[in-house]
Number of protein chains: 2
Amino acid sequence: MKEKGRPRAFDRDAALARAMKLFWARGYEGASLAELTAAMGIRPPSLYAAFGSKEALYREALDLYVAEGDAGIWDAIPIAPTAREAVDGFLRATAIAFTRPGVPPGCMIALGALHEGEASEAICRDLKERRAWGVGVLKERLERGVKDGELPAGADCAAIASFYATVQHGMSILARDGADREALLAVARRAMAGWEGVVAPSPSIQETNRPSPNPLPGGERATDLPSPLRGEGGTRKAGG
Amino acid sequence: MKEKGRPRAFDRDAALARAMKLFWARGYEGASLAELTAAMGIRPPSLYAAFGSKEALYREALDLYVAEGDAGIWDAIPIAPTAREAVDGFLRATAIAFTRPGVPPGCMIALGALHEGEASEAICRDLKERRAWGVGVLKERLERGVKDGELPAGADCAAIASFYATVQHGMSILARDGADREALLAVARRAMAGWEGVVAPSPSIQETNRPSPNPLPGGERATDLPSPLRGEGGTRKAGG
DNA sequence: AGTTTTATGTATTGAACGATACATAACAAT
DNA sequence: ATTGTTATGTATCGTTCAATACATAAAACT
């Protein structure tokens with residue numbers, strides 16, 4: 001049975017895909033209604049009738065990105081034969097996905113809205129949760145690797161997952177800087193080249209905890225707040 | 001000798017520091033003139049008289065960030081006794097700097113303007129160049145490590161530098177997600193735990209190049225463009 | 001045919017954007 | 001005191017923002 005009323009004159013899915021690519025390229029705030037409607041080939045009332053609001057459109061765009069825009073980066077992780085191959089495949093797929101011709105470089109979820117006060121706060125939270133979801137996917141596969149005896153019993157799977165997710169997030173910025181596929185694959189290879197050390201338990205004690213005398217004169221600068229950063233309270237002068 | 005005319009009634013350096021922190025927290029486009037003037041305690045004409053424009057203010061804010069806002073993350077790299085300690089100190093300093101109380105989490109340069117079409121294009125380029133500068137600092141220290149015999153002769157210093165810079169960029173996003181200092185230090189430790197593998201020549205051949213049968217059915221998804229992403233040309237209907 | 005329902009195009013809304021005009025205030029030089 | 005110069009505060013400028021009012025068009029239902 002058909003719908004009542006005048007039928008929609010545009011392809012909703014196609015318009016959504018166009019919107020997704022624009023949000024992907026420009027971020028949530030960076031994509032204006034004028035640009036969106038132009039890219040989607042429709043006028044504002046059609047957009048609002050079909051999607052509700054800019055924010056609702058963005059959420060649908062995010063869902064579409066997860067479903068079809070990320071090239072299945074995460075799909076192979078749970079079913080990879082080993083944790084190592086899971087992470088390796090994940091990073092390789094990332095390098096390829098972030099440099100596909102015809103779509104914006106980098107990850108829509110990693111780059112979508114990184115500044116506080118930006119977007120609708122709810123969108124920032126949504127993106128953050130989706131990033132956390134990715135870490136969880138990695139973590140679960142790593143934990144299975146421990147159960148399988150592939151990884152050492154004391155491996156900190158949450159920390160390992162966080163590390164590789166961090167590498168992947170950095171690859172988004174690398175891609176935005178114009179790095180080509182080979183450059184991203186090189187990063188992926190190097191991340192995997194460190195695998196044995198990364199998955200080893202307590203890398204802090206095992207590898208990197210020599211007292212390490214800070215060679216910089218005034219070595220506490222990294223913890224102190226330099227003068228221009230200290231002032232916090234309002235020093236406003238002569239109220240209006 | 002004093003200046004002619006009415007003297008400035010506000011502390012230019014303090015106002016710039018306030019502007020820097022707001023740009024740092026919100027990004028270039030995310031910081032509005034209204035917010036900036038409120039944070040700086042001045043009115044728009046004073047801002048334009050003292051700094052010229054929002055863009056010029058941002059450039060000065062960037063310079064201030066590099067001079068005093070990044071907690072000297074890069075300063076120790078050239079003078080560290082070994083390349084390994086240089087990178088280790090760099091990542092540790094990053095973890096500390098990105099989680100300092102009182103300043104926004106993450107890096108102003110990494111997060112400042114990541115979307116195309118955003119900002120003034122020139123600012124995107126400026127930030128990109130500053131990121132490339134950081135990679136260069138790492139690369140030069142690594143090359144000295146090769147000369148010193150600390151690193152293997154065939155080490156690809158540019159690729160190693162790119163890898164660790166990528167990790168650092170990812171740490172900005174991790175910090176924006178609210179990760180605490182210990183979480184960032186854990187990432188830094190794991191990045192260093194993989195050091196031996198990362199700096200080894202040709203990690204692709206040595207470690208990670210087994211044929212790796214893609215376990216995902218339809219394994220080419222990562223290279224194909226799924227249907228919603230294919231349409232590129234304008235299919236606009238019934239022009240206005 | 002007439003009513004109901006939904007979609008579209010034109011035009012516009014109030015708010016926020018970056019940036020200024022203008023009169024006045026505060027200094028140096030004369 | 002007068003002039004020249006720079007800074008400040010008030011009040012905007014024109015533009016763009018996300019979002020709609022309204023009349024019309026195109027379908028289903030009666």
Side-chain angles (χ1 to χ4, degrees), chain A residues 1-16 19 22-23 26-61 113 115 117-123 235-240, chain B residues 1-16 19 22-23 26-61 113 115 117-123 235-240:
Chain A
M1 178 179 122
K2 272 199 165 183
E3 313 268 344
K4 285 195 301 186
R6 178 176 175 173
R8 184 176 290 119
F10 63 95
D11 183 336
R12 193 183 189 278
D13 294 336
L16 178 58
L22 192 68
F23 277 131
R26 297 246 201 283
Y28 174 72
E29 300 237 290
S32 72
L33 253 294
E35 287 174 315
L36 284 166
T37 54
M40 301 165 81
I42 60 177
R43 261 59 53 193
S46 298
L47 190 156
Y48 282 86
F51 300 99
S53 68
K54 184 186 177 185
E55 179 174 335
L57 174 63
Y58 187 75
R59 290 181 182 285
E60 284 204 51
H115 300 295
E118 179 181 45
S120 68
E121 193 72 40
I123 284 181
T235 334
R236 295 185 66 165
K237 221 188 119 66
Chain B
M1 177 181 120
K2 270 199 166 183
E3 314 269 343
K4 285 196 302 185
R6 178 175 176 173
R8 184 176 290 120
F10 64 93
D11 183 336
R12 192 183 190 278
D13 293 335
L16 178 59
L22 191 68
F23 277 131
R26 297 247 202 281
Y28 175 71
E29 300 234 292
S32 73
L33 253 295
E35 288 174 314
L36 283 165
T37 53
M40 300 164 82
I42 60 177
R43 261 58 55 192
S46 299
L47 190 157
Y48 282 85
F51 300 99
S53 67
K54 184 186 177 184
E55 178 172 337
L57 174 62
Y58 188 75
R59 290 181 182 285
E60 283 203 51
H115 301 295
E118 181 181 44
S120 68
E121 194 72 38
I123 284 182
T235 334
R236 296 186 64 165
K237 218 189 122 65

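Per chain, numbering begins at 1; letters A, B, ... match sequence-line order. Just so it is clear, the structure is predicted and the values come from calculations on it, not from any experiment.
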- Gap between atoms OH and P, on A/Y58 and D/dA18 respectively (whole Å): 14 Å
- Message: I need the CZ-C1' distance between A/R6 and C/dT3, as an integer number of Å.
- Response: 18 Å
- Message: Does D/dA7 have its OP1 or OP2 closer than 4.0 Å to a side-chain nitrogen or oxygen of B/R8?
- Response: yes
- Nearest-Å distance for atom pair CD/P, residues B/E29 and D/dT15: 19 Å
- Item | Interatomic distance where CG belongs to B/L22 and P belongs to C/dG18 [whole Å] | 11 Å
- Item | Atom-pair distance (CD on B/E3; C1' on D/dA7), nearest Å | 12 Å
- Query: What is the minimum heavy-atom distance between B/T37 and B/P44, and which atoms define it?
  - Reply: CG2-N, 3.8 Å
- Query: Counting only N and O atoms by type, is there a donor-acceptor contact under 3.5 Å from the side chain of A/K54 to the main-chain atoms of A/S32?
  - Reply: no
- Quick one: on DNA chain D, does A/P7 or A/G52 contact a more 5' nucleotide (nearest heavy atom)? A/G52
- Do the side chains of A/Y48 and A/L33 get nearer than 4.5 Å, heavy atoms only? yes
- Query: Starting at CG of B/L33 and ending at C1' of D/dT15, how long is that distance when rounded to a whole Å?
  - Reply: 14 Å
- Task: Anything under 30° is parallel, anything over 60° is perpendicular, the rest tilted; go ahead and classify B/F10 against B/F51.
- Result: tilted
- Task: In whole angstrom, give the distance that lies between atom CG of A/L47 and atom P of C/dT10.
- Result: 16 Å
- Task: Give the rounded distance in Å between these two atoms: OH of B/Y48 and C1' of D/dT10.
- Result: 17 Å
- Item | Residues A/E29 and B/R26 bridged, charged N to O under 4.0 Å | no
- Query: Looking for any heavy atom pair under 4.0 Å, which part of the strands does B/P45 touch: base, sugar-phosphate only, or nothing?
  - Reply: base
- Contact under 4.0 Å: B/K4 side-chain N or O vs D/dT6 OP1/OP2: no
- Query: According to a strict under-4.0 Å criterion, is A/R43 in side-chain N/O contact with OP1 or OP2 of C/dG9?
  - Reply: yes
- Query: Where each residue is assigned the nucleotide of DNA chain C containing its nearest heavy atom, which of B/P44 and B/G5 is assigned the position nearer the 5′ end?
  - Reply: B/P44
- Item | Distance test, side-chain N/O of A/S46 to OP1/OP2 of C/dA7, below 4.0 Å | no
